[in-house]
Protein chains: 4
Amino acid sequence: MTEKDNIDDIPELINVDENLTPKQKLILQSAIEVFSEKGYAAASTNEIAKKAGVAEGTIFRHYATKKKLLISIVMPLFSHILAPTVLKSFKREVFDNGYESFEGFLRVLIKNRLEFARKNLPLLKILIQEMAFQEEFRDRFQKVFRDNIYGKFKDIIKYYKDKGELVDWEEDDIIRYIISTIVSSLITKVLIMPPKELDDEKFIDQTIRFIISGLKK
Amino acid sequence: MTEKDNIDDIPELINVDENLTPKQKLILQSAIEVFSEKGYAAASTNEIAKKAGVAEGTIFRHYATKKKLLISIVMPLFSHILAPTVLKSFKREVFDNGYESFEGFLRVLIKNRLEFARKNLPLLKILIQEMAFQEEFRDRFQKVFRDNIYGKFKDIIKYYKDKGELVDWEEDDIIRYIISTIVSSLITKVLIMPPKELDDEKFIDQTIRFIISGLKK
Amino acid sequence: MTEKDNIDDIPELINVDENLTPKQKLILQSAIEVFSEKGYAAASTNEIAKKAGVAEGTIFRHYATKKKLLISIVMPLFSHILAPTVLKSFKREVFDNGYESFEGFLRVLIKNRLEFARKNLPLLKILIQEMAFQEEFRDRFQKVFRDNIYGKFKDIIKYYKDKGELVDWEEDDIIRYIISTIVSSLITKVLIMPPKELDDEKFIDQTIRFIISGLKK
Amino acid sequence: MTEKDNIDDIPELINVDENLTPKQKLILQSAIEVFSEKGYAAASTNEIAKKAGVAEGTIFRHYATKKKLLISIVMPLFSHILAPTVLKSFKREVFDNGYESFEGFLRVLIKNRLEFARKNLPLLKILIQEMAFQEEFRDRFQKVFRDNIYGKFKDIIKYYKDKGELVDWEEDDIIRYIISTIVSSLITKVLIMPPKELDDEKFIDQTIRFIISGLKK
DNA sequence: AATGAATGAGGGTTCATTCAT
DNA sequence: TATGAATGAACCCTCATTCAT
């Protein structure tokens with residue numbers, strides 16, 4: 001499993017790398033916190049500035065607009081949230097060698113996304129919230145999904161369907177159930193449930209079993 | 001009116017009954033629209049008043065505060081969204097007569113909640129959004145769930161588990177998968193997917209099959 | 001000279017009539033003062049509000065924008081500053097009866113405009129200043145001039161030129177010298193010179209003589 | 001260089017000579033443009049810096065204050081706008097030799113000032129604008145006028161009045177009409193009228209004739 | 001009860017000015 | 001000397017809320 005390392009190489013913490021000045025990092029960090037706690041509309045640049053230990057004007061020097069501040073926080077997420085590398089490396093592994101199981105695929109996917117969600121909780125909360133109101137976010141999300149994920153995902157599903165491991169539904173429906181189950185499980189686990197109540201292994205095993213059984217032929 | 005508890009009698013449209021003056025209804029209707037479109041924080045009482053065709057002052061005569069207006073919109077939802085009657089009537093039917101299947105239970109649940117979601121789309125959008133920020137909503141939701149739903153739900157799950165129709169997990173976990181699957185399916189179906197793309201029957205059948213298989217022993 | 005009264009009927013004080021609320025009048029009055037003293041760009045809505053004894057928000061309730069406040073001050077001026085009635089009544093008098101002299105024409109014009117300038121000094125200062133920067137003001141001014149003044153003025157000039165009282169220049173040039181002399185004289189008299197240094201009668205006589213001699217055949 | 005006072009030697013382009021560093025020249029040039037286009041109050045040091053291709057801080061290193069930048073632009077104008085040399089050289093010529101006519105005097109004056117106005121249009125626009133708001137500019141202007149111009153001008157007017165070429169008004173009034181006619185003519189010609197509509201010679205001849213006739217005995 | 005003018009605190013944003021580099 | 005990031009006061013404007021009518 002030499003390719004497995006790839007997954008771990010995805011920079012999971014967003015907005016903390018890049019060549020940002022220290023003040024910019026502070027501002028981003030603070031903005032993420034405040035946006036996440038109060039929502040974009042209810043957050044005030046004044047509070048963000050205070051929490052960042054920075055003058056309010058400094059925010060606007062770097063991010064001309066409150067909206068642009070939001071965008072510069074949310075946009076980088078899209079390239080990470082859908083984690084193309086997970087699919088890419090997996091697909092290569094499976095199609096080249098043919099030994100990976102559907103369960104293995106799900107396990108990697110869930111594990112990886114759980115880790116990602118844990119590390120970027122406030123960011124994800126912002127994203128989910130604003131997707132409801134900002135059309136550009138929805139559009140961008142769809143585009144990234146269609147361009148980078150959908151094709152590979154479909155190929156993988158088709159592969160296992162042809163092998164007789166999956167129910168005879170359209171690939172789109174199957175994908176929909178997989179994703180919505182994973183997403184809702186993650187939200188439940190990470191956002192709603194009391195922390196540590198359910199240990200990760202058990203949670204992952206259950207979710208995998210639920211999906212596999214649910215989609216078995 | 002002995003049948004008042006009947007599923008079909010649940011008033012599905014919220015905030016339009018009760019003893020409200022015409023102006024109050026207009027205000028609530030308008031507030032729901034605006035809150036739903038822009039989010040609570042970004043909505044202005046001025047816009048709500050204009051869309052309702054009343055003076056801005058009139059809003060505050062009835063709902064002392066913008067926040068209280070939100071609350072008086074969202075709170076009644078809790079007693080409906082969790083639809084105790086569905087469970088209650090179902091439980092009575094099953095335990096009294098013993099003839100209903102797990103699939104029948106799911107079918108009624110999903111059908112009913114799909115209908116409800118369709119009829120109260122804007123309201124639900126508001127609720128979901130604000131649950132993220134207003135702790136009191138989360139608390140109230142949990143309380144209503146614990147007091148009215150959880151017990152009956154657990155009994156029903158236990159019943160089918162004892163009959164050997166369900167996987168041998170803790171009831172809580174099973175409930176979690178059922179609810180999160182239904183919720184995420186509904187959100188996908190009602191909010192995200194292009195309308196009419198998937199006909200209701202096929203959608204319901206698939207979802208039921210997915211859950212049943214996923215939770216089969 | 002029954003028509004002469006018309007001239008006196010021109011409402012010379014601008015922005016104080018109309019159906020304005022008391023607060024609106026206060027705001028306009030205050031805005032005129034502040035704009036006139038500091039210029040539009042350097043004037044702050046805060047200062048205008050304070051001087052008007054009104055909350056800053058009240059300004060924006062009536063005039064959505066600082067710019068619109070300026071416009072609603074300046075625009076009405078255009079219809080008055082060029083005082084079509086002066087020309088109209090004069091033209092009628094002259095062409096109907098034929099007894100008025102070029103000197104009489106000038107005298108009425110200057111007297112009337114002097115009075116107007118005196119009564120609307122701050123307004124005129126604002127107008128002159130902003131004409132330099134706001135293209136829409138220049139355009140509007142030109143349009144009003146072309147549509148209401150130019151034609152009548154030209155007819156009058158032509159009439160006296162034909163009578164041999166005026167130099168044989170193009171009407172446009174003659175009009176230019178008359179207007180620029182009157183304007184510059186008024187500015188000098190009203191804005192620059194120490195008040196009362198030169199009594200009005202002497203000033204008017206001199207200016208008339210200067211123009212008449214300057215444009216004599 | 002005995003001829004240094006010669007009219008032709010007056011440096012007509014302001015603020016480009018002196019011992020200024022290249023950066024200073026760039027800043028001044030840029031500031032003149034921006035002040036002229038937007039007005040002093042509406043001009044931002046940021047825009048000036050950008051247009052000059054220097055850092056914003058550099059402006060304040062040379063001109064401690066935005067106001068001082070304005071002053072250092074406007075002040076040198078006073079010594080040029082009133083062009084003492086015109087009068088001085090003219091006066092010498094006339095009184096020493098006695099051959100120059102009033103018309104010749106006017107012609108030199110107008111021609112010279114027209115040229116000057118053309119070359120320093122943006123500067124003059126700034127000056128005129130700010131004279132309305134900055135008392136110190138008005139004071140300085142008056143002082144320069146009194147100290148350098150008024151006396152010589154009066155002598156010249158007196159000379160021609162004594163020769164019987166001018167109307168029998170007070171010298172001050174005569175000066176006023178000459179200056180205000182020239183100024184308003186120049187403004188009309190240089191700022192308002194479509195360029196080249198009136199050729200210079202015709203314009204100058206007309207203006208001279210207008211003034212001479214207007215002030216003829 | 002209903003209105004809508006008025007309020008003023010707070011919103012996002014701009015900008016002259018400072019200062020460490 | 002020149003820079004440009006940083007500042008924070010002030011700017012224009014919005015908005016929930018009040019209150020006289």
Side-chain angles (χ1 to χ4, degrees), chain A residues 21-24 26-27 41-50 52-69, chain B residues 21-24 26-27 40-50 52-70, chain C residues 21-24 26-27 41-50 52-69, chain D residues 21-24 26-27 40-50 52-70:
Chain A
T21 71
K23 300 253 165 185
Q24 277 196 66
L26 285 171
I27 291 169
S44 86
T45 52
N46 175 42
E47 183 179 355
I48 293 171
K50 261 179 195 144
V54 151
E56 209 169 344
T58 308
I59 292 178
F60 292 92
R61 179 153 267 287
H62 293 290
Y63 308 92
T65 282
K66 189 191 171 192
K67 180 78 176 286
K68 279 181 185 161
L69 176 57
Chain B
T21 71
K23 298 248 164 185
Q24 280 194 61
L26 285 170
I27 291 169
Y40 169 73
S44 83
T45 52
N46 173 45
E47 185 180 354
I48 293 169
K50 254 180 200 145
V54 304
E56 216 169 340
T58 308
I59 292 179
F60 291 89
R61 181 151 295 282
H62 292 292
Y63 308 91
T65 281
K66 188 189 170 192
K67 182 74 177 289
K68 281 180 184 161
L69 175 58
L70 171 68
Chain C
T21 71
K23 299 253 164 182
Q24 278 196 65
L26 284 171
I27 291 169
S44 86
T45 52
N46 175 43
E47 183 179 355
I48 293 170
K50 260 179 195 145
V54 151
E56 208 169 344
T58 308
I59 293 178
F60 293 92
R61 179 153 266 287
H62 293 291
Y63 307 91
T65 283
K66 189 190 170 192
K67 181 76 177 288
K68 279 180 184 162
L69 175 58
Chain D
T21 72
K23 299 248 164 184
Q24 281 195 62
L26 285 171
I27 291 169
Y40 169 73
S44 84
T45 51
N46 173 46
E47 185 180 353
I48 294 170
K50 254 178 201 145
V54 303
E56 215 169 340
T58 309
I59 292 178
F60 291 89
R61 181 150 295 283
H62 292 292
Y63 308 91
T65 281
K66 189 188 170 193
K67 182 75 177 286
K68 279 180 185 160
L69 176 57
L70 172 68

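What you are looking at is a predicted structure, and each value in this text was computed from that prediction instead of being measured. Chain letters run A, B, ... following the sequence lines, proteins first and then strands; every chain starts at 1.
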Rounded off to whole Å, could you give me the [atom1]-to-[atom2] distance for the [X] and [N] pair?
X	N	atom1	atom2	value
C/Lys50	E/dG8	NZ	C1'	12 Å
C/Glu56	E/dT7	CD	P	12 Å
B/Ile59	E/dG4	CD1	P	12 Å
D/Tyr40	E/dC15	OH	P	13 Å

How would you list, by chain and number, every residue that makes a salt bridge (Lys or Arg N to Asp or Glu O under 4.0 Å) with B/Lys50, sequence neighbours excluded? none
Checking B/Glu47 now: which residues fulfil salt bridge (Lys or Arg N to Asp or Glu O under 4.0 Å) with it, not counting sequence neighbours? B/Lys38
Please lay out, stage by stage, how C/Leu69 and C/Thr45 fare under the test side-chain contact (heavy atoms from CB on, under 4.5 Å). CA-CA 10 Å; C/Leu69 175 58; C/Thr45 52; 5.6 Å; no
Closest-nucleotide 5' rank along DNA chain E - winner of B/Val54 and C/Gly57: B/Val54
Comparing A/Thr58 with C/Thr21, nearest DNA chain E nucleotide closer to 5' gives the residue C/Thr21
Note: for C/Ala41 and A/Gly53 on DNA chain F, the residue whose nearest nucleotide lies more 5' is A/Gly53
Ignoring hydrogens and angles, write down the donor-acceptor pairs under 3.5 Å from the side chains of residues 58-65 of chain C, residues two or more places apart or on other chains.
residue : atom : partner : partner atom : Å
C/Thr58 : OG1  : C/Ala55 : O            : 3.3
C/His62 : ND1  : C/Gln24 : NE2          : 3.4
C/Tyr63 : OH   : C/Gln24 : OE1          : 3.2

Does anything in residues 60-69 of chain D reach DNA chain F, meaning a heavy atom under 4.0 Å, and if so which residues? D/Arg61, D/His62
Does DNA chain F take part in any stems of at least 3 consecutive Watson-Crick or G-U pairs (both distances under 3.5 Å), and if so, which ones? E:2-21 with F:2-21
Would you mind classifying the nucleic acid contact of B/Ser44 as base, sugar-phosphate or nothing, using non-hydrogen atoms under 4.0 angstrom? sugar-phosphate
Under 4.0 Å between any heavy atoms, over every strand shown, what does C/Ala43 touch: base, sugar-phosphate, or nothing? Just pick one. sugar-phosphate
Atom CD1 of A/Ile48 and atom CG of A/Leu26: how far apart are they, to the nearest 0.5 Å? 13.0 Å
Looking only at heavy atoms, what is the nearest atom pair of B/Ala41 and A/Ala41, with distance? CB-CB, 3.7 Å
Of all heavy-atom pairs linking C/Lys66 and C/Ala43, the shortest is NZ-O, 2.9 Å
Going 5' to 3' along DNA chain F, which are the first and last nucleotides with any atom under 4.0 Å from a heavy atom of chain C? F/dC11 to F/dT14
